[in-house]
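Comments concern the structure below.
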Amino acid sequence: MRTWVRRGGLSTLVFLLPLLVIFGVFSWLPIVRAAVMSVQQTNLVTAPKFVGLENFQSVLADPLFWTAVRNTGVFALIALVFGYPIPLVVAVLMGEVRRFRGLLSAIAYLPVVVPPVVAVLMWKFFYDARPDGVFNTILGWVGLGPYRWLQSATTAMPSLVLEATWAAAGGTVIIYLAALIGVPAELYDAADVDGASIWQKIWHVTLPQLRGVLLVTLILQIIGTSQVFLEPFLFTGGGPANSTLTVLLLIYNYAFGSSLGGDYGAATALSLMLAVFLAALSAVYFWLTRSWSTS
Amino acid sequence: MRSIRKAATAVSAVLIAAGLLAACSTSPGQPDAGGKTAITVVSLKPGSEQSAFDAFENQVKQFEAANPDIDVTSQEYEWTGPTFTAQLAGGTLPTVFTVPFTDGKSLIERGQLADLSQYVRAFGYADKFNPTVLRSGQSADGGIFGVPTAAYGVGLHYNRTLFKQAGLDPDKPPATWDEVRSYAKQIAERTGQAGYAQMTQENTGGWMLTSLTYALGGRMQVANGDKVEATIDNPGAREALTRLREMRWQDNSMGSNFLYDWGSINQEFAAGRIGMIMAGSDIYESLVQQNNIKPADYGLAVLPLAPGGSAGLLGGGTLAAVNVKASPKQQAAAAKWIDFYYMSKFLKQDAAVLDAKTLSESKQPVGLPKLPIFDKATLDQYNQWIKPYVNVPLSQMRSFNEGIFDQELAGEPTAHTQEMYAVLDTVVQAVLTDPGANIDQLLSTADSDVQAILDRG
């Protein structure tokens, strides 16, 4: 004990303490509270009642639950198919450019700097479904549209993905650009000597060298899109007719949808289910891809 | 080196301890600071004009001058379902706040409102209320927990300028739903703006569908002994949705936005992009304070009611309530504030004149059409008192003012109202965004979904 103190154990602890307290109070405690609340019936005013797994059962029996799961899956899928490759393509192209790279990175990163709520409100204006809305006017020049964007159950979700991809791509581009710098130039030189085309160089040198980063950004994207809330909340409120109701929006509605004290039990139960699902998905993902990993 | 580390350890230990102590010692409000009773009261909606807040603060000063032992702090407030829930659960509601009629009963049953019976009786007007209006703020045994401060009926608000541009007479608003449809079509064709638009989001879609259903003779709930039955699948609702579908898909007279809530539809309406909307008769104040509407644009008509005995006008209103967690002294002070700010103007000439004068000096709307919370004679008397200060274009609201007292008022559905409205939002959105929406199926699904909510109790 004396030696622990003399070696600075005490001051280590003291310096660690603020962090522990902040994390404990603002991160871990709410997680534990949520787990407890998921087996209770509570309106946070009167005394909570233990109800076992009833909240989980009522969530699973709610027809909106499956709507929300399906919508979230669709969002994640469209975001994956279109949103995932775009930053990579942009980064590889930018990596080829020798001049103005700083300026280009700044432009690519700009959407990330725009506050998300401002971005959504701006896009809501662009998505105006009138023929003289911004996007409809632009598309009209080439003879397309007018489209209904957010005002139709079929186009609302893709519209949300478009904005979300625009908003998030910049961050990923910067990560890829940093990773591209780490690819040894000798590999490209060797490929040149072997007479490789630019596509062969990308396919056989760039992508394999980036695979560690690609694996991480992929799972981060899946986790991120599974928790999409801001776009449906601000663009459509889950509409039209629940076509953009996502799991997180449903959680929010459980908790705050009724003005008379929400169903916090169902809200926390669904949150917990989502957390467990994403944790399991990540574990399986890393286990399946362990042989490709660079670390 | 070692001493530096020791000193640093000591300093950080002290800082942390101080921080923790400070965090623990913050107590929620100090009710009796400096011998005065401190209360917080809701003021105006966020985003209201500065002059509106100035008028409010003047009224606070008048109240504090008359009650030197009470200290009033105001807080911006707009009742919305989600924010109210969060404030209620988090215990951060002010001492005095307002809730819609529909929430009164449940909040009282759950013990979340303070009992104001003794104060309201002492003010002397407990027996003067219109009994139907007062009931929404009463417990089962007749105790008064919420004081009705305003009542509204749904009206048809229209843009006179768009009417003129479309070749319609702005002094002859539509009197039937067929006319609403043909006027909307004419406005859309001749001005390019939406002829008619409807709220669809944040439970307002259900609220307005219910209003339209009432106007066409339907009802959404029926009390059957202790049980409440959902009657959403009714001919009135079917006609309401069919009419909306015709305006949307045959006439294309409803514009291009079908995701409106209360705030956003007001904004579009005030900006002159919508010809007609259905909304509570009291929105003009907010259109002025928040959306800067041009008074010359505005017109208010009674909602057309279908002929036949069963059609009714959906009405509701606002209750002023007091936080149950407030101390008895605060509750008494809060009741005095409710009496001063919301009530006494309706019953005492000097209070009515002072209120109207203060508002008109700050260029706030005075003289809007109101529905009686006491009886009609009391309201007429009040309107006489404030006549010199009226600054709203009353002649543009004549249809409403003259017609409203002939209409059969029907209260909002009482059981799980907001949850039912949430289900109905989806129905309205489906009809307005999907040309192939099956109205019969939507209604029967909504009916069983709402019945499930009602059965849960």
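Scope of the values below: all heavy atoms of this structure, side chains included, with no hydrogens, waters or symmetry mates. A, B, ... follow the sequence lines: proteins, then strands. Residue 1 opens every chain.
- With a 4.5 angstrom heavy-atom cutoff, B/Ala422 does not touch chain A via any of its atoms.
- Of the listed residues (B/Asp449, B/Leu432, B/Thr426), the greatest number of heavy-atom pairs within a distance under 4.5 Å of chain A belongs to B/Thr426.
- Only the side chain of B/Asn203 comes within contact range of chain A, judged by heavy atoms closer than 4.5 Å.
- In this structure, the side chains of B/Tyr421 and B/Gln418 come closer than 4.5 Å at one or more pairs of heavy atoms.
- In this structure, the portion of B/Gln193 lying under 4.5 Å from any heavy atom of chain A is its side chain and not its backbone.
- Atoms OG and CZ, on A/Ser159 and A/Phe235 in that order, are 8.0 Å from each other to the nearest 0.5 Å.
- Few gaps surround CD on A/Gln221; more than 12 heavy atoms of other groups in view lie less than 6.0 Å from it.
- At distances below 3.5 Å, not a single donor-acceptor pair connects side-chain atoms of B/Thr433 with backbone N or O atoms of A/Ser152.
- The aromatic rings of B/Trp79 and B/Phe84 lie tilted to each other, with the angle between the two planes from 30° to 60°.
- When each of B/Lys325, B/Glu202, B/Gln201 is scored by its heavy-atom pairs under 4.5 Å with chain A, the top score falls to B/Gln201.
- With a 4.5 angstrom heavy-atom cutoff, A/Tyr252 touches chain B only via side-chain atoms.
- In this pair, A/Phe256 and A/Tyr264 present their aromatic rings perpendicular. The plane angle is above 60°, beyond the 30 to 60° band.
- Of the residues considered (B/Gly255, B/Ser256, B/Gly205, B/Gly192), B/Ser256 shows the highest number of contacts with chain A, using heavy-atom pairs under 4.5 Å.
- Residue A/Asn253: no heavy atom, backbone or side chain, is found under 4.5 Å from chain B.
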